[in-house]
Number of protein chains: 2
Amino acid sequence: MSKKKSFFDNNLYADSQPHLMFTAVDCIIFGFDGDDLKLLIMKRKMEPLRGEWSLIGSIIRLEETVEEAATRILNEATGLSDLYLEQSKVYSEVDRDLGYRCMSVAMYTLIRSDKFHLVSEQNQYDSHWHGLEDLPNLVLDHKRMVLDAMVKLRSKVKYHPIGFELLPEKFTIPQLQKLYEVILDEELDSRNFRKKMLSLGILQQLSEKDKSGSKKGAYLYQFNHEAYHKLVSSGFNFGV
Amino acid sequence: MSKKKSFFDNNLYADSQPHLMFTAVDCIIFGFDGDDLKLLIMKRKMEPLRGEWSLIGSIIRLEETVEEAATRILNEATGLSDLYLEQSKVYSEVDRDLGYRCMSVAMYTLIRSDKFHLVSEQNQYDSHWHGLEDLPNLVLDHKRMVLDAMVKLRSKVKYHPIGFELLPEKFTIPQLQKLYEVILDEELDSRNFRKKMLSLGILQQLSEKDKSGSKKGAYLYQFNHEAYHKLVSSGFNFGV
DNA sequence: ACAAAAGTGTTATTAGTACACCCATGC
DNA sequence: GCATGGGTGTACTAATAACACTTTTGT
């Protein structure tokens with residue numbers, strides 16, 4: 001201990017004794033199954049609160065950033081990598097965890113609907129998709145984290161094209177509209193929605209049709225990243 | 001050490017050895033002097049990097065939240081309390097600090113222009129106001145923190161009435177316009193600006209005038225909190 | 001033939017933008 | 001009386017909101 005003590009002399013940390021303060025990351029994992037927004041949660045396997053529903057999270061290791069920690073546990077819990085990842089908020093109430101001090105960085109992430117059913121529900125976390133409407137109680141302040149992340153997702157989706165992160169590479173306009181409707185929790189007029197989306201010039205129509213939703217079939221589109229970047233760099237603000 | 005070891009057995013933290021990871025808070029302190037946006041920074045007094053320009057920050061103590069830590073150092077550095085405070089972002093690059101692991105929660109805060117000159121520049125931090133245009137180099141990743149916070153301030157000010165946090169209780173429309181102009185870094189048309197602001201019905205005109213800016217004098221207004229809350233709860237989105 | 005979802009246009013309303021002159025006052 | 005910043009109105013344009021029918025095709 002005396003070796004460590006010298007570390008704290010004569011520098012910025014001189015008045016901070018070494019203490020047990022952990023920092024964790026908790027992931028709010030949104031997924032879209034084509035009809036509803038879902039959340040990937042798990043039954044906590046460790047004490048305390050074993051068996052209670054919980055977000056998927058981890059203590060941040062000494063050698064990783066918040067984003068790397070989130071990427072690690074997302075990969076462990078879903079098998080996926082390269083997920084869209086966004087900081088939501090830091091939760092640091094002194095007594096938010098049980099018995100020791102642990103602050104948590106909440107991150108939210110989006111799972112594409114074509115990967116939705118590929119997310120293994122039998123991994124080390126024993127994770128499960130749950131509808132956002134009838135979410136069970138979650139441990140600690142995790143319910144609050146979900147609600148806060150939901151608000152951020154709602155406002156972000158209006159001005160940034162992150163909705164596309166929840167859809168497969170190729171998608172139809174009705175699918176896109178359904179997604180916006182469940183995120184924003186309001187019905188949208190299909191004519192105005194289509195007009196607005198197409199007018200932005202960031203969707204590329206393909207010749208293929210998707211017939212899973214109707215007899216007639218709906219044209220597939222692709223999100224055009226270059227057109228989008230041109231749009232934002234010319235000062236435009238994507239909006240629904 | 002063996003006493004501590006038992007703490008880590010049989011719980012969520014079992015695979016996390018006790019390690020030296022600090023969490024700090026750094027404050028991006030914006031102030032408005034009536035003409036320009038300024039930032040309150042200090043010359044670092046401790047090693048390493050003594051004498052370099054730095055944001056005002058501190059290690060978070062075991063008994064305080066991020067917000068409480070920020071409030072504490074803001075009070076130490078400005079003498080003010082009850083400041084508008086907002087989380088900006090967590091910075092957690094493994095090597096962002098020198099020699100040890102320290103992640104930092106960046107918070108931004110707004111100082112009202114009538115308090116601007118009251119902020120003591122001879123406190124334990126030896127803080128100074130600096131124009132945002134010709135900001136000197138700052139230690140570590142603090143420059144990045146400022147730029148990120150500036151982006152957040154810009155987008156926030158368009159849809160939330162936080163601009164009023166930078167003005168005194170009573171202010172004139174030209175003062176408000178000037179503030180928006182320096183935050184958004186663009187000139188605004190005074191007729192359209194006035195029309196838009198007054199149409200929201202959240203400004204209350206007083207009979208007094210402020211003659212500091214002109215011979216004629218400009219009417220003073222007050223921000224009407226109740227009217228604002230009525231507006232947002234009726235689904236409206238404040239915007240400039 | 002019919003059910004079910006995809007696709008299409010027009011009009012009305014509202015919000016935003018551009019723009020130029022008179023007013024009140026202190027000096 | 002003039003310089004300085006404060007205050008006002010109107011016309012044009014763009015965006016948004018409301019609204020109903022036809023098309024395609026599998027069954």
Side-chain angles (χ1 to χ4, degrees), chain A residues 34-36 113 157-159 167-168 170-182 184-222 231-232 234-240, chain B residues 33-36 113 157-159 167-168 170-182 184 186-222 231-232 234-240:
Chain A
D35 291 307
D36 290 295
S113 64
V157 88
K158 286 190 180 178
Y159 303 108
L167 290 173
K170 302 172 180 182
F171 52 86
T172 69
I173 305 269
Q175 284 166 0
L176 184 61
Q177 179 177 343
K178 179 72 193 174
L179 173 60
Y180 272 92
E181 288 178 335
V182 298
L184 301 176
D185 195 28
E186 59 179 308
E187 295 210 339
L188 301 172
D189 180 273
S190 66
R191 287 161 293 190
N192 293 337
F193 181 82
R194 178 184 295 267
K195 198 191 312 169
K196 181 71 192 286
M197 282 295 158
L198 294 177
S199 74
L200 296 172
I202 57 176
L203 295 186
Q204 184 173 355
Q205 186 176 352
L206 306 174
S207 49
E208 314 159 58
K209 281 190 161 190
D210 174 296
K211 297 212 168 188
S212 63
S214 71
K215 326 278 169 89
K216 184 180 179 183
Y219 280 106
L220 286 162
Y221 289 79
Q222 267 184 316
L231 194 67
V232 291
S234 72
F236 192 84
N237 210 352
F238 173 89
V240 188
Chain B
D33 66 358
D35 291 307
D36 290 295
S113 64
V157 88
K158 286 190 181 177
Y159 304 107
L167 290 172
K170 302 173 180 180
F171 53 84
T172 68
I173 305 270
Q175 284 166 1
L176 184 62
Q177 181 177 342
K178 178 73 195 173
L179 173 61
Y180 272 91
E181 288 178 336
V182 299
L184 301 176
E186 59 178 310
E187 296 210 338
L188 301 172
D189 180 274
S190 67
R191 286 161 294 190
N192 294 338
F193 181 82
R194 178 183 296 267
K195 199 192 312 171
K196 181 71 191 288
M197 282 295 158
L198 294 177
S199 75
L200 296 171
I202 57 176
L203 295 186
Q204 184 173 357
Q205 186 175 354
L206 306 175
S207 49
E208 315 158 59
K209 281 190 162 191
D210 174 295
K211 298 212 168 188
S212 63
S214 71
K215 325 280 168 87
K216 184 179 178 181
Y219 281 106
L220 286 163
Y221 289 80
Q222 268 184 313
L231 194 66
V232 290
S234 73
F236 191 84
N237 210 352
F238 173 89
V240 188

What is the distance from atom CD of A/Glu181 to atom CZ of A/Phe193, rounded to the nearest 0.5 Å? 8.0 Å
Those residues that, when tested against A/Asp189, pass salt bridge (charged side-chain N to carboxylate O under 4.0 Å, His left out) (two or more places apart): A/Arg191
Which residue pairs pass the salt bridge (Lys or Arg N to Asp or Glu O under 4.0 Å) test when at least one of the two sits in residues 202-220 of chain B, sequence neighbours left out? B/Lys170-B/Glu208
Value rounded to 0.5 Å, distance of OG1 in A/Thr172 from OH in A/Tyr221: 9.0 Å
Note the angle between the end axes of the helix from C/dA1-D/dT27 to C/dC27-D/dG1, five pairs defining each, rounded to 10 degrees. 0°
In whole Å, what is the span from the CD atom of B/Gln177 to the P atom of D/dG7? 11 Å
So, do B/Val157 and B/Tyr180 sit near enough that their side-chain heavy atoms are less than 4.5 Å apart? yes
So CE of A/Met197 and CG of A/Leu176: to nearest 0.5 Å the spacing works out to 5.0 Å
Per-nucleotide protein contact string for nucleotides 22-27 of chain C, where B marks a base within reach and S marks sugar-phosphate only (heavy atoms under 4.0 Å, - for neither): -BBBS-
In a table with atom names and distances, give each donor-acceptor pair under 3.5 Å that connects a side chain of residues 198-207 of chain B to protein atoms at least two apart or in another chain.
from     : atom 1 : to       : atom 2 : distance (Å)
B/Ser199 : OG     : B/Lys195 : O      : 3.4
B/Ser199 : OG     : B/Lys196 : O      : 2.7

Grab the OH-P distance between B/Tyr221 and D/dG6 for me, whole Å please. 12 Å
B/Leu176 CG to D/dG7 C1', in whole Å, measures 15 Å
Give, for atom CG of A/Leu179 and atom CG of A/Asp35, the distance between the pair rounded to the nearest 0.5 Å. 11.5 Å
Reported CG-to-NZ distance for the pair A/Asp36 and A/Lys178, which is rounded to 0.5 angstrom: 6.5 Å
Of the non-hydrogen atoms in B/Arg194 and B/Pro174, which two are nearest, and what is the gap between them? NH2-CD, 4.3 Å
Rounded off to whole Å, could you give me the CD-to-C1' distance for the A/Gln175 and C/dA5 pair? 12 Å
Strictly below 4.0 Å, heavy-atom distances to any atom of DNA chain C: list the hits from residues 188-198 of chain B, or just say none. B/Asp189, B/Arg191, B/Asn192, B/Lys195, B/Lys196
Between A/Leu220 (CG) and C/dA6 (P), how many Å, whole number? 12 Å
For A/Leu167 and A/Ser113, the nearest pair of non-hydrogen atoms, with its separation, is CA-OG, 4.0 Å
